[in-house]
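For reference, the structure is listed below as C-alpha cells.
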Amino acid sequence: MQQAATIAGLASGRRRTAIGDPIFAALARVAGVFVLLLLGSLILSLFIGGLPAFRAFGAGFLTSTAWDPVHQAFGAAVSVYGTLITSILALIFAVPLAFGIAFYLTELAPAWLRRPIGTAIELLAAVPSIIYGMWGFFVIVPIMSQYIEPWIISLFDGSIEFTLAGMDIQFPEVPILEDLFSGPPFGTGLATAAMILAVMVIPFIAATMRDVFDTVPAVYKESAYGVGCTTWEVMRSIVLPYTRVSVVGGIMLGLGRALGETMAVTFVIGNADRISSSLFSSGNTIASIVALEFPESPAGSLKLASLLALGFILFVISFIVLAISRYLLRPKLKV
Amino acid sequence: MRLAMLTLLAAGLVAAQQANAQTQITGAGSTFAQPIYQKWGEAARPTTNISLNYQAIGSGAGINQINNRTVDFGASDMPVKGADLAAHKLMQFPTVIGGVDIIVNIPGVKPNELKLTGAILADIYLGKITHWNDKQITAINPGLKLPHTAIAPVHRADGSGTTFVFTDYLGMQSDEWKSKVGSSTSVAWPVGAGAKGSDGVAATVKQIQGGIGYDESAYAATNHLTTALLKNKAGQFVAPTMAAFEAAAASADWGAVQNFAIDLNDEPGAASWPIESATFVLLPTDPKDANQSGAVKKFFDWGFAHGDDIARSLLYIPLPASVHTAIRAAWQKEVPGTM
Amino acid sequence: MSATTTAGSVPGPAKDASVARRLGRRRHRTNLIIEALCVIATVIGLLLLASILLTLLWRGAAGLGLHIFTTTTKPPGSHGGLLNAIVGTLIQTGIATLLGTPIGLMVGTYLAEYGGGGALANTVRFVSDVLLSAPSILIGLFIYQLAVEPFGGFSGIAGCLALAVIVIPIVVRTTEDMLRLIPTALREAAAGLGAPKWKVITLICYRAALDGIVTGVLLAVARIAGETAPLLFTSLGNLNWSTSLREPMSSLPVTIYQYAGSAFEDWVQLAWVGALLITIGVLALNVVARFALRRS
C-alpha cells in the first residue's frame with residue numbers, strides 16, 4: 001500500500017517536474033537571444049538615427065573636418081582623429097607603467113605587499129570617470145599649463161639660450177617636434193586628455209598582464225633562473241614571449257576602454273572643432289563631442305543625426321578593437 | 001537591497017507630504033536663467049502656491065521640449081524667429097536681462113584697466129591678432145605696458161546661451177565674423193581652446209598668461225575676475241557694472257521689435273555696456289491645460305512684481321516697467337488661462 | 001665529459017674571466033635599473049590613487065555636513081544639499097539592478113549549463129563582452145532613441161533602463177565564471193538523487209556560487225552608481241524633489257556634472273562633496289565585494 005502510494009507520488013512528481021526542465025531551458029535560451037537582440041537594436045538605432053547625416057553628406061562625412069552648427073556642415077574627421085590620437089597616446093603612456101606594475105607585483109614585490117598593492121591598483125579602476133574628469137581639470141591641467149607645457153614648448157622652439165663657461169648655447173628649433181608641441185599652454189587639450197585616459201587604463205592593462213604572467217609554468221622560469229638569468233632576463237626571454245599574444249590582447253582591451261571614455265575627457269579636451277598639428281591644442285573625441293553638443297541639438301535636426309552617426313562610427317571602431325582583443329585573449333578564457 | 005526599499009518607502013512618504021494642494025509647473029531650457037528662475041520659484045511658493053520644476057538642459061533642448069508640449073514653458077537665450085513661433089503656436093516674452101563680461105589674464109594689468117573694442121575682439125577670436133602688444137591694442141591703451149605674450153582665447157566648450165550673446169555681438173562688430181563663423185549657442189571657433197561651463201572658462205583664463213575669455217557678469221563679479229573695458233556704440237570705454245547694464249537696457253527700443261525679440265547688444269547710450277541679452281520664455285498659445293498656462297503666467301507675474309531685488313542680488317537686470325505692462329497685455333491677448 | 005671547465009676551454013665570454021665578470025656586472029646593472037623603474041612605476045600608480053583621494057578629501061570634506069543628506073538641491077546661495085540626488089541614484093541603481101540581474105543570471109546560466117561551446121553560445125558570450133566594454137554614452141544614446149524620443153520626455157525609468165543594460169553583461173560574466181567553477185561531482189550527486197536539471201541549477205549551483213554571484217552584482221552596482229554619460233540623455237537630472245519614474249530624476253553623477261561647471265561657488269563646493277560621497281560609496285562597495293570573493 002505504502003509502496004503504491006510512493007510510486008504514485010513519484011510518478012506524478014515526475015510529471016510535474018517534467019515540464020520544469022523545458023521551461024527553464026527555454027527561459028535561459030530566450031535570455032541569451034535577448035542579449036543578442038539588445039546589441040542588434042543598439043547598432044540599428046544608432047545607424048538609423050545617423051542615416052540623415054550619412055545621406056546628407058555621403059561618404060564625405062567620414063573625411064570632412066567641418067563642424068559648423070551655424071552653416072549646418074558636419075563631418076567626422078575631427079572627432080575620429082581626436083579619439084584615435086588620445087587613445088593611442090594614452091596607450092603609449094599607460095603600457096610601460098602597467099608593465100612595470102605587473103612586473104613588480106608578480107616578480108619583485110615581497111609576498112605580504114602583493115595583495116594590498118594589487119587591491120590599490122584595482123581601486124584605480126573602480127573610481128568613476130567623472131571623478132577623473134574633475135581631478136584632471138583641477139589638478140593636472142594647472143600643472144600642465146604652468147610647468148610642463150611651457151617647458152616642453154620652449155625645448156623645441158629655439159627659445160632656450162644661456163651662456164655656459166663663456167660659450168653661448170642656444171637650443172635649436174627642431175622642425176617636426178616644434179610643430180608637435182606648439183601653441184599657447186592652455187593646459188587642456190589632446191595631450192592632457194591622453195594622460196588622464198592613461199591613468200584610467202593602467203589598472204585594466206596591469207590586471208590582465210598580472211593574470212597572464214602568473215599563468216607561465218614555474219618550470220620554465222625556474223630553469224631560466226637555474227642557468228643564471230637575472231629577473232629581467234627571465235621576464236624578457238621567457239615570460240613575455242610566452243604571454244605575448246595575451247599581453248597584446250590586454251592592451252587592446254585597454255584601448256577599447258580608452259576609446260569610449262566620456263566624462264574624463266570632456267572636462268579636459270577643450271572642444272575645438274579642428275585638426276591641429278600640435279598635441280597641446282584642443283580637440284574633440286567622439287564621446288566628448290556627443291556629451292557636449294547633444295543638449296543643444298534640436299530634435300530631428302541634422303546636428304543630432306550627425307551626433308548619432310558619430311556614435312555609430314565610435315561603436316564600429318570599439319567593436320573592431322574588442323573583437324581583436326577577445327580573439328587574442330581567447331586561449332586564456334576559461335571555456 | 002533592503003536599504004533601497006527602505007529609502008524608497010521614506011522617499012514616498014516625504015513626497016506625499018510635499019505634494020499637497022500646490023500647482024506644479026514645469027519648465028526647461030536656458031542654463032543662463034536657471035539661478036533666477038530657481039530663486040523665484042523658491043520665493044514665490046508661499047504666496048502663489050505654485051511649485052516650479054525647472055530643468056536647465058540648454059536653450060535648444062528647452063525649445064524642443066516646449067515644441068513637443070512636454071513642459072509648461074520653455075526658456076531660451078536666443079529669441080525664436082517669428083515664423084517658428086507661429087508654426088509651433090508659441091508666445092515669447094523676456095524675463096530678465098544679463099550682461100556678458102570679457103575677462104583677461106595679462107601680467108601687470110589690473111581689473112577694468114585694459115581697453116578693447118568689438119572689432120579687436122572679433123579679430124582676436126578669428127586668430128588675426130595674436131599678441132597682446134599688437135599695434136591695434138596698444139593704440140587704444142597708451143598708458144599700459146602690454147607684453148609680447150601670445151593671446152590665448154578661451155570659449156565655452158558646451159553649447160550655451162552666453163556663447164550666442166557673445167558671437168552675436170562679434171557678428172555685429174565684424175562682417176568677417178558674421179559670414180565666416182556666425183552666431184549660435186555653439187559655433188565653429190577658428191582659434192582657441194574650449195572649457196566646460198562658466199567655471200571652466202574662468203579657471204582656464206586664470207591659469208594661462210595672456211588668456212582672454214567671456215563669462216556671465218554674475219560670475220565675473222562674484223569671483224573677482226580681471227575684467228576689461230569695452231568701447232560701446234557711443235564711443236565710450238565702459239566698465240561692466242550694474243549701472244552700465246541698466247543703461248543699455250534702458251536705451252533699448254522695445255517698440256521696434258516683434259515678439260519682444262530685442263537684441264540688446266551694442267545699444268546706444270554713453271554709459272551702455274555693449275554685450276548683454278534678455279532671456280526669453282516660450283508659452284503655448286494653445287495649451288493642453290489652460291490652468292497650467294494660467295499658473296505659469298501667475299508665476300512670472302509674481303517675478304515681475306516682486307522679484308526685482310532677487311534678480312539684482314544675482315546680478316541680473318530687471319526689465320523696465322513699461323515692458324512688464326506690455327508683456328501682461330500680450331498674455332491677456334494671446335495666452336488662455338486665468339492668472 | 002668533465003663536469004669542471006677551465007677558463008680558456010669554454011667558448012664565448014666565459015673564456016676570458018674579466019670579460020665574463022664585466023658582462024655579469026652589466027647584466028646585473030641592467031637588472032637593477034629595470035627593477036628600480038618598475039618600483040617607480042608602482043609608486044607612480046599608488047601616488048596617482050593617493051592624489052585622487054586626497055584631492056577629493058581636501059575639496060569635498062570642507063562642504064560635508066548633515067544638511068547634505070537632509071536638504072534637496074536648491075538655487076545657488078540657498079544652502080542646498082544633495083538629498084534628491086542621493087535618493088535618485090539609490091532608486092535608479094536599485095531598479096536597474098533589479099531589472100538587470102535576473103536577465104544576466106539567466107544568460108550566465110545558459111552559457112554555463114546549456115550552451116557549452118555551441119555557435120549560439122559563443123555568439124552570445126561575444127556579444128555580452130562587447131556590451132560590457134561598449135562606451136556607456138552610446139548606451140545612453142540608444143535608450144534615448146528607444147525610451148525618450150518616442151515619449152517626448154526624459155524619465156527616471158529611461159535612466160534605469162540604460163543602467164540595466166550596463167548591469168547585464170557584468171552579471172553574465174561573473175555568473176558564468178562562478179557556475180563553471182562548481183565541481184561536476186556536486187551536480188552529479190544532485191542528479192543522482194533524482195533532481196531534474198533546473199533544480200540542480202537553482203537549488204544547488206546557485207547556492208554554491210552565491211558568494212561569487214553576489215560579488216558580481218555588487219561590482220555592477222558600484223559601476224553603475226558612478227556612471228554619468230548614460231543618464232545625461234535619459235533621466236536628465238531634476239533639481240527638485242521627485243521620486244516619480246515618469247519624470248526626470250536626479251542622480252549624484254549628473255548633479256555633480258551640472259554643478260561642477262556652474263557659475264556659483266556653493267554649487268561647485270557641492271559638486272566636490274558629491275564627488276567625495278560617490279567615490280567613498282563606490283570604493284567601499286568594491287572593497288566589500290573583493291573581500292566577499294576572497295572568503296568564498
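Below, chain A is the first sequence line, B the second, and so on; all start at residue 1.
No other option in A:Gly260, A:Ala28, A:Pro128 has as many heavy-atom pairs under 4.5 Å with chain C as A:Ala28. Taking chain A as the reference chain and counting heavy-atom pairs below 4.5 Å, the highest number among C:Ile143, C:Leu131, C:Leu232, C:Thr109 is found for C:Leu131. Looking only at heavy-atom pairs under 4.5 Å with chain A, the residue among C:Leu37, C:Val107, C:Ile34, C:Ile103 that has the most is C:Ile34. In terms of non-hydrogen atom pairs under 4.5 Å with chain C, the most contact-rich of A:Thr266, A:Ile117, A:Val127 is A:Ile117. Per-residue heavy-atom pair counts under 4.5 Å with chain A were compared for C:Leu105, C:Leu132, C:Val130, C:Val39, and the maximum is reached by C:Val130. Interface remark: of the candidates A:Phe138, A:Phe137, A:Tyr132, A:Phe138 forms the most heavy-atom pairs closer than 4.5 Å to chain C. The candidate from C:Leu219, C:Thr228, C:Leu120 with the greatest count of non-hydrogen atom pairs under 4.5 Å with chain A is C:Thr228. Put simply, of A:Glu261, A:Arg257, A:Glu233, A:Glu107, the one with the most heavy-atom pairs under 4.5 Å next to chain C is A:Glu233. Ranking A:Arg29, A:Arg236, A:Met235 against chain C, the residue ahead of the rest is A:Arg29, based on heavy-atom pairs under 4.5 Å. Between chain C and the residues A:Ile48, A:Val290, A:Val321, the largest count of heavy-atom pairs under 4.5 Å involves A:Val290.
Between C:Pro135 and A:Leu259, the closest side-chain pair of non-hydrogen atoms is not below 4.5 Å. Looking at C:Asp129 and A:Leu322, their side chains never come closer than 4.5 Å, going by heavy atoms from C-beta outward. Taking the side chain as every heavy atom from C-beta outward, C:Leu56 and A:Trp135 never approach each other to under 4.5 Å. Using a 4.5 Å cut-off on side-chain heavy atoms (C-beta onward), A:Ile23 and C:Trp198 make no contact.
Contact between C:Ala134 and A:Phe315 at its shortest, heavy atoms only, is CB-CE1, 4.3 Å. Here the closest non-hydrogen pair linking A:Gly32 and C:Tyr110 is CA-CD2, 4.4 Å. For the residue pair A:Thr231 and C:Asn31, the shortest heavy atom distance occurs at N-OD1, 3.6 Å. The heavy-atom pair separating A:Ala126 from C:Val282 by the smallest distance is O-CG1, 3.2 Å. The two residues C:Ala260 and A:Phe267 make their nearest non-hydrogen contact at CB-CE2, 4.1 Å. Between A:Leu253 and C:Ser133, the closest heavy-atom pair is CD1-OG, 4.4 Å.
By the 4.0 Å N-to-carboxylate-O rule, C:Lys197 lies too far from A:Asp21 to be salt-bridged with it.
Going from atom CG of A:Leu108 over to atom SG of C:Cys38 covers 6.0 Å, rounded to the nearest 0.5 Å. One finds the CE atom of A:Met134 at 12.5 Å from the CD1 atom of C:Ile52 (value rounded to the nearest 0.5 Å). How far CG of C:Leu48 is from CE of A:Met200: 12.5 Å, rounded to the nearest 0.5 Å. We find the CZ-CG distance between A:Phe319 and C:Leu138 to be 13.0 Å, quoted to the nearest 0.5 Å. Taking CG of A:Leu307 as the reference point, atom CG of C:Leu141 lies at 8.0 Å (rounded to 0.5 Å). Between A:Met263 atom CE and C:Ile137 atom CD1 the span is 6.0 Å, to the nearest 0.5 Å.
Residue contact with chain A, scored on non-hydrogen atoms closer than 4.5 Å, involves the backbone and the side chain of C:Ala271 alike. With a 4.5 Å cut-off on non-hydrogen atoms, A:Ala109 does not touch chain C at all. If you measure heavy-atom distances from C:Thr202 to chain A, the contacts under 4.5 Å come from the side chain alone. Neither the backbone nor the side chain of C:Leu53 comes within contact range of chain A, judged by heavy atoms closer than 4.5 Å. Within the 4.5 angstrom heavy-atom criterion, only side-chain atoms of C:Gln145, from C-beta onward, approach chain A. Heavy-atom distances place both the backbone and the side chain of C:Ala275 under 4.5 Å from chain A. For a residue to count as touching a neighbouring chain, one of its non-hydrogen atoms must lie under 4.5 Å from one of that chain's; by this rule A:Ser45 touches chain C with backbone and side chain alike. Contacts of A:Val35 with chain C are made by both backbone and side-chain atoms, with heavy-atom separations under 4.5 Å. The parts of A:Thr230 that come within reach of chain C are both its backbone and its side chain, each placing non-hydrogen atoms under 4.5 angstrom from that chain. For chain C, the nearby parts of A:Ser41 are the backbone and the side chain; heavy atoms of each come within less than 4.5 Å.
Checked against C:Thr279 for a side-chain contact (heavy atoms from CB on, under 4.5 Å), the options A:Ile131, A:Leu123, A:Ile130 give a single hit: A:Ile131. If you run side-chain contact (heavy atoms from CB on, under 4.5 Å) between C:Val124 and each of A:Leu36, A:Val33, A:Leu39, only A:Leu36 comes through.
Classification of the A:Phe294-C:Tyr144 ring pair by plane angle, with boundaries at 30° and 60°, yields perpendicular. Relative ring orientation between A:Phe24 and C:Tyr114 is described as tilted, the plane-to-plane angle lying within the 30° to 60° band.
Between the side chains of A:Trp232 and C:Thr30, not a single donor N or O lies within less than 3.5 Å of an accepting N or O.
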Could you walk me through whether C:Thr42 and A:Phe103 pass side-chain contact (heavy atoms from CB on, under 4.5 Å), step by step?
CA-CA 9 Å; C:Thr42 314; A:Phe103 186 18; over 6 Å; no
Is there a side-chain contact (heavy atoms from CB on, under 4.5 Å) between A:Arg326 and C:Arg125? Walk through the geometry before answering.
CA-CA 11 Å; A:Arg326 222 170 155 280; C:Arg125 200 173 285 123; 3.5 Å; yes
